[in-house]
Amino acid sequence: MFLLAALLIGGMMFTGCKKDNPNAKGLYSYTTKQKTNDAFDHISALVPLVNEKINLGTREMTRAEAQADWDAFYKSIQNVYVEVTGADSYYVVMLNRVESQGDSFVAVETIGKQEWGHVPAN
């Protein structure tokens with residue numbers, strides 16, 4: 001009986017849900033990390049574009065759809081004037097795959113990330 005159970009569990013491990021399935025849907029959301037100083041840093045042209053993405057909330061997409069979404073967003077901000085020059089100022093935009101942990105979502109994979117300024121090490 002033990003052997004049968006071990007074989008059943010082992011078989012489920014090999015045939016279960018594959019994380020590399022290109023059609024698998026996951027939850028994705030845009031987030032920012034920032035510390036800016038209005039006297040030295042200019043992000044006002046970028047903020048509406050970022051807020052548009054953030055306001056969409058957590059969305060269900062495949063990894064390929066998420067990558068295409070990031071690529072389109074990244075292309076749209078290439079000519080936006082952004083200046084983050086304060087000594088300890090930074091602005092970061094990320095698209096992350098997230099998973100639910102309790103009452104919140106936690107980033108488990110970064111699809112895209114753009115940084116300006118002096119981002120501190122985590």
Side-chain angles (χ1 to χ4, degrees):
M1 187 64 121
F2 175 75
L3 183 59
L4 181 59
L7 288 172
L8 180 61
I9 292 171
M12 287 178 10
M13 288 173 59
F14 287 111
T15 62
C17 177
K18 289 189 175 184
K19 292 189 180 217
D20 60 351
N21 178 354
N23 297 320
K25 297 271 185 171
L27 297 175
Y28 295 85
S29 67
Y30 281 83
T31 59
T32 62
K33 216 170 41 169
Q34 62 184 336
K35 180 180 178 190
T36 56
N37 181 327
D38 290 337
F40 301 106
D41 305 320
H42 305 284
I43 60 170
S44 61
L46 179 64
V47 170
L49 299 170
V50 172
N51 285 346
E52 183 179 309
K53 290 296 189 178
I54 289 174
N55 289 339
L56 292 173
T58 302
R59 297 183 295 153
E60 188 176 48
M61 298 184 272
T62 65
R63 187 170 197 308
E65 290 169 335
Q67 186 65 58
D69 192 85
W70 173 260
D71 292 345
F73 171 74
Y74 185 76
K75 184 177 180 182
S76 76
I77 63 171
Q78 289 304 294
N79 294 320
V80 174
Y81 177 71
V82 178
E83 185 177 13
V84 180
T85 59
D88 60 350
S89 296
Y90 59 89
Y91 192 85
V92 181
V93 180
M94 295 170 283
L95 174 58
N96 296 311
R97 183 172 63 82
V98 297
E99 292 181 356
S100 177
Q101 287 189 358
D103 294 337
S104 62
F105 289 100
V106 176
V108 294
E109 177 185 13
T110 300
I111 302 303
K113 182 178 186 180
Q114 176 62 47
E115 300 177 345
W116 293 270
H118 309 286
V119 182
N122 288 339

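Each of M94 and W116 belongs to its own hydrophobic cluster when Ile, Leu, Val, Met, Phe, Trp and Tyr are linked at side-chain heavy-atom distances under 4.5 angstrom. Linking Ile, Leu, Val, Met, Phe, Trp and Tyr residues whenever their side-chain heavy atoms come within less than 4.5 Å places V47 and L95 in a single cluster. I54 and I43 fall within the same hydrophobic cluster, defined by Ile, Leu, Val, Met, Phe, Trp and Tyr side-chain heavy atoms under 4.5 Å apart, directly or through other members. In the hydrophobic clustering of this structure, I111 groups with I77; members are Ile, Leu, Val, Met, Phe, Trp, Tyr whose side-chain heavy atoms approach within less than 4.5 Å, directly or through other members.
With values rounded to the nearest 0.5 angstrom, E52 atom CD is found 8.0 Å from S76 atom OG. Here the straight-line distance linking atom CD of E115 with atom NZ of K33 works out to 7.0 Å at 0.5 Å rounding. If you take CZ on R63 and CG on N23, they are separated by 14.0 Å, rounding to the nearest 0.5 Å.
Scored by the ring-ring contact (aromatic ring centres under 6.0 Å, His included) test, F73 finds Y30, W70 as partners (sequence neighbours excluded).
Residue N55 qualifies as enclosed at atom CG: its count of foreign heavy atoms under 6.0 Å is above 12. More than 12 heavy atoms of other residues, nucleotides or ligands lie within 6.0 Å of CD in E109, so this atom counts as buried by the packing criterion.
Looking only at side-chain heavy atoms (C-beta outward), V93 and Y74 stay at 4.5 Å or farther from each other. The shortest distance between side-chain heavy atoms of Q34 and V84 does not fall below 4.5 Å.
For the side-chain hydrogen bond (donor to acceptor under 3.5 Å, both in side chains) condition, the pairs that include at least one residue of residues 82-92, sequence neighbours left out, are K35-D88, D41-S89, Y81-E83.
A pairwise comparison of heavy atoms in T110 and N96 identifies OG1-OD1, 2.9 Å as the closest pair. Minimum heavy-atom separation, S29 to T58: CB-OG1, 3.9 Å.
Ion pairing of R59 with E65 is absent here, as no side-chain N (NZ or NE/NH1/NH2) approaches a carboxylate O to less than 4.0 Å.
The other residues sharing a hydrophobic cluster with V98 are L27, F105, where clustering joins ILVMFWY side chains under 4.5 Å apart.
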